[in-house]
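Computed from heavy atoms alone, side chains included, the values below leave out hydrogens, waters and symmetry copies. Atoms within each ligand, like the ligands themselves, are counted from 1 in listed order.
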Amino acid sequence: MSKGKLIKGIAGFYYVEVNKEVYECKGRGILRKKKLTPLVGDYVEITVTDEDNKKGMIDDIFPRKTELIRPTVANVDQVIVVFSVTQPDPHLSLLDHFLILAETQNIDVVICLNKLDLVQREDVAELVGIYEKVGYPVILTSQNDSIGLEQLEKVLRGKTTVFAGPSGVGKSTLLNRILPHVTLQTGELSSKIARGKHTTRHVELISLETEGWVVDTPGFSSLNIDFLKEEELADYFIDFEPFAKDCRFLSCVHLNEPICGVKTALKAGQLVQSRYNSYLQMIGEIKKNRRY
Ligand SMILES: Nc1nc2c(ncn2[C@@H]2O[C@H](COP(=O)(O)OP(=O)(O)OP(=O)(O)O)[C@@H](O)[C@H]2O)c(=O)[nH]1
Ligand SMILES: [Zn+2]
């Protein structure tokens, strides 16, 4: 028996990578009896039934560390959320929505700001400062000027990483650059049509030469956080947390309550206005969702 990583599942077949070789596998009946469904990202035990044709059977699934819902991938170590510094301009509210979703799934995030070749470093210093202060690592990259690529590779090494971000920020271009052995569709090829296909694609882990896997995901233009409750939203703003303990009421939602640690910190410049604006916007979305 060998231990492998499930990298793709299509129509009842599971593709399992063992020492850089990929085996087409079926799941044994025992899995169904145990109510286990193999997921992309799973570490599995397989028996090779046909070495020449690379076929095998999945005997067991190792316990999952994490289970991401969208995309459905097990054992994800981190998400790299890519935004471009311009073209398109970074949409901070969208980035904050993404960060909140990642926090609800308890997953580590690295922010990658791409297309650095189009601006001066000074122009992005404020943006970088905002998110580093909040507590997220920020990497600056450019595929055109080969900036930050080694740093990015270092972050990916040995991990299972989901790449996410809005359309057109350069995710596929970056991945093609650090994965020279695969070719992903980028916006340059008949963009709109390619993009349509993008969304129906199967989730697939791409193996890195330096150990580790990445998952490319279709670009998003909006994200729903309105399944959250108003009173729990602030818990996912990791920068609010140290100040929320100074609120008079335990149930404070940091809007109009008297003696609110979050609003005091905001006035004192200890919290960033754009983050609080995103918070207000999300509260609005949650309230709207409740009205039926
Ligand atoms: N100036 C500059 N342009 C870039 C860079 N990286 C990518 N681009 C361009 O940005 C456009 C979009 O790149 P893609 O890689 O297709 O973007 P994507 O994020 O994968 O987009 P979706 O597939 O729609 O999610 C293309 O025209 C790229 O040539 C960069 O570092 N600098
Ligand atoms: Zn408060």
Side-chain angles (χ1 to χ4, degrees), residues 70-71 79-91 94-95 98 111-121 123-124 139-149 151-152 162-179 182-201 203-204 206 214-223 230-237 239-268 270-271 275-276 279-280 283:
R70 229 184 48 173
V79 181
I80 296 196
V81 61
V82 186
F83 273 72
S84 53
V85 290
T86 184
Q87 295 181 22
D89 282 340
H91 187 327
L94 190 57
L95 173 55
F98 188 89
I111 298 172
C112 171
L113 299 175
N114 193 33
K115 304 196 189 183
L116 199 67
D117 55 289
L118 297 177
V119 296
Q120 301 296 318
R121 245 167 221 271
D123 300 338
V124 292
I139 303 179
L140 296 168
T141 55
S142 158
Q143 111 85 25
N144 290 27
D145 286 1
S146 296
I147 299 167
L149 302 177
Q151 200 186 349
L152 189 60
V162 170
F163 263 72
S167 261
V169 297
K171 294 183 298 296
S172 307
T173 311
L174 263 181
L175 282 173
N176 283 335
R177 186 63 190 274
I178 50 181
L179 299 162
V182 294
T183 309
L184 300 170
Q185 283 177 343
T186 67
E188 276 161 336
L189 324 161
S190 60
S191 57
K192 302 293 173 207
I193 307 156
R195 203 155 288 152
K197 279 186 195 153
H198 217 145
T199 52
T200 56
R201 216 178 45 168
V203 183
E204 181 175 357
I206 308 160
V214 297
V215 189
D216 189 18
T217 63
F220 54 74
S221 53
S222 67
L223 296 166
E230 212 175 313
E231 60 275 18
E232 68 184 4
L233 178 63
D235 297 343
Y236 300 112
F237 276 76
D239 42 343
F240 289 13
E241 205 192 329
F243 303 108
K245 65 174 172 13
D246 298 331
C247 299
R248 173 190 283 181
F249 302 109
L250 209 56
S251 61
C252 187
V253 285
H254 326 302
L255 299 174
N256 304 310
E257 294 93 335
I259 313 186
C260 166
V262 170
K263 294 207 75 172
T264 306
L266 184 69
K267 277 194 208 107
Q270 291 169 295
L271 279 176
R275 291 276 293 172
Y276 188 71
Y279 177 74
L280 290 181
I283 288 283

Can the ring centroids of F220 and F98 be said to lie less than 6.0 angstrom from one another?
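Between F220 and F98, the centre distance is under 6.0 Å.
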
Taking K171 for its side chain and G165 for its backbone only, find out whether a donor-acceptor pair lies under 3.5 Å.
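Such a contact is found between K171 side chain and G165 backbone.
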
Quick one: does K263's side chain have a donor or acceptor within less than 3.5 Å of a partner on C260's backbone?
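No; zero donor-acceptor contacts below 3.5 Å.
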
I'd like to check which ligand 1 atoms, numbered from 1 as shown, lie under 4.0 Å from a non-hydrogen atom of [X].
{"X": "G170", "answer": "7 (C), 13 (O), 14 (P), 15 (O), 17 (O), 18 (P), 19 (O)"}
{"X": "D117", "answer": "1 (N), 2 (C), 30 (C), 31 (O), 32 (N)"}
{"X": "G219", "answer": "25 (O)"}
{"X": "L118", "answer": "1 (N)"}
{"X": "N114", "answer": "6 (N), 31 (O)"}

Suppose the cut-off is 2.8 Å; which protein N/O/S atoms would you list for the Zn ion (ligand 2)?
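Listed by chain and number: C247 SG, C252 SG, H254 ND1, C260 SG.
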
How far apart are the closest heavy atoms of L94 and S222, and which atoms are they?
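Closest pair (atom of L94, atom of S222, distance): CD1-CA, 3.8 Å.
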
Taking only residues two or more places apart in sequence, or in another chain, which ones meet T86 in a side-chain hydrogen bond (donor to acceptor under 3.5 Å, both in side chains)?
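For T86 the side-chain hydrogen bond (donor to acceptor under 3.5 Å, both in side chains) partners, ignoring immediate neighbours, are D89.
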
If the condition is side-chain contact (heavy atoms from CB on, under 4.5 Å), which residues does L280 pass it with, not counting sequence neighbours?
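Partners of L280 by the side-chain contact (heavy atoms from CB on, under 4.5 Å) criterion, ordered by chain and then number, come out as L255, Y276.
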
Does Q87 have any side-chain contact (heavy atoms from CB on, under 4.5 Å) partners at least two apart in sequence or in another chain, and if so, which?
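Listed in chain order: L118.
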
For the residue pair S84 / N114, report whether a side-chain donor-acceptor contact shorter than 3.5 Å exists.
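Side-chain D/A pair, N114 to S84: absent.
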
Option whose closest heavy atom lies nearest to atom 14 (P) of ligand 1, chosen from T173, L175, T141
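Residue with the shortest heavy-atom distance to the ligand atom: T173.
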
Nearest non-hydrogen contact with atom 11 (C) of ligand 1 belongs to which option: K115, Q87, Q143, K171?
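Selected option, by shortest heavy-atom distance: K115.
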
Relative to the ring of H254, is the ring of Y279 parallel (under 30°), tilted (30 to 60°) or perpendicular (over 60°)?
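Correct class here is tilted.
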
Thinking salt bridges, do R275 and D239 make one under a 4.0 Å N-O criterion?
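Judged by the 4.0 Å cut-off on N to carboxylate O distance, R275 and D239 do form a salt bridge.
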
Just to check, does G168 reach to within less than 4.0 Å of ligand 1 when the distance is taken from its heavy atoms?
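Judged by the 4.0 Å heavy-atom criterion, G168 does count as contacting ligand 1.
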
